[in-house]
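For ligands, and for the atoms within them, numbers begin at 1 and follow the listed sequence. Note that the structure is predicted; figures quoted are calculated from it, not measured.
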Amino acid sequence: MLERYREITGRIEDAARRAGREPSEITLVAVSKTFPADEIRRVHELGHVDFGENKVQELTDKADELGDLPDIRWHMIGHLQRNKAKDIVARVDLFHALDSVRLARKLHARLEMEDEHMDCLVQVNISGEDSKYGVPARKLESLLDEIGRFDRLRLKGLMTLASPANDPEEVRSEFASMREIAAGVEKRLKIGENGPILSMGMSNDFEVAIEEGATHVRIGSAIFGPRTYDG
Ligand SMILES: *Cc1c(COP(=O)(O)O)cnc(C)c1O
């Protein structure tokens, strides 16, 4: 695993340089779903702090177990049911999968209760097919306008899953579209000087995603190994 981690960080740096970008502009979110807290601990020992989970229960269990690591940053990358909104507030550093007004309202209410704020990305369904989650690109602007009033949600950028592909070149155009879409909605986001966050690219396509502008890549199996069941 540690070998694989080093290899992946090297490939991220190479992809960034190929695109004329600084490797420090790219955040690697190590997707630890289905793997035990001990394996997270081993990657953390290398100085890595960003970890992603796609299920609330698994995230909160691991966060509890690793509570002695104060610098760890948790990314909730999966679909969130409204009735679980209360469980991630104040525990998650970046929520990648906001995709409805109803969920935004629920999160906002809970954040208000706890006097907290949360950094969020809106998930865009760029493939336009079979994916259940994410807002279609054509509806993004109106969604952002509606959730913009929930001021406890800090809308930092966009997230997407590209279509499944054997060759990552097949989805380069999806990543490129995401960059254009993000640029088009920048004024509706609460972004800092580094521009919008673009969370895109996984084990099989992260280099192409970085070449097309990803700021966050979510990589699981290429670091932790194959999953025996699907998280
Ligand atoms: C599992 C998962 C990933 C990582 O997938 P790998 O192919 O293992 O790199 C990235 N994003 C989301 C939303 C996931 O659920």
Audit row: His96, Met76, side-chain contact (heavy atoms from CB on, under 4.5 Å) steps and yes/no: CA-CA 6 Å; His96 292 231; Met76 173 60 187; over 6 Å; no

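- Using cut-offs of 30° and 60° on the angle between ring planes, the pair Phe224 and Phe51 is tilted.
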Worked check of side chain to side chain donor-acceptor pair (under 3.5 Å) between Asp61 and Gln57: CA-CA 6 Å; Asp61 285 350; Gln57 185 71 50; 3.1 Å; yes

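- Applying side-chain contact (heavy atoms from CB on, under 4.5 Å) to Arg105 and the options Arg110, Glu146, Arg82, Arg149 leaves one that passes, Arg149.
- The proximity of Lys33 to ligand 1, defined as any non-hydrogen pair under 4.0 Å, is limited to the side chain.
- Each of the atoms 9 (O) of ligand 1 lies under 4.0 Å from some heavy atom of Ile219.
- In terms of polar-atom proximity, Gly220 is counted as a contact of ligand 1, with an N or O under 3.5 Å from an N or O of the ligand.
- Using a 4.0 Å cutoff on heavy atoms, Arg227 counts as a contact of ligand 1.
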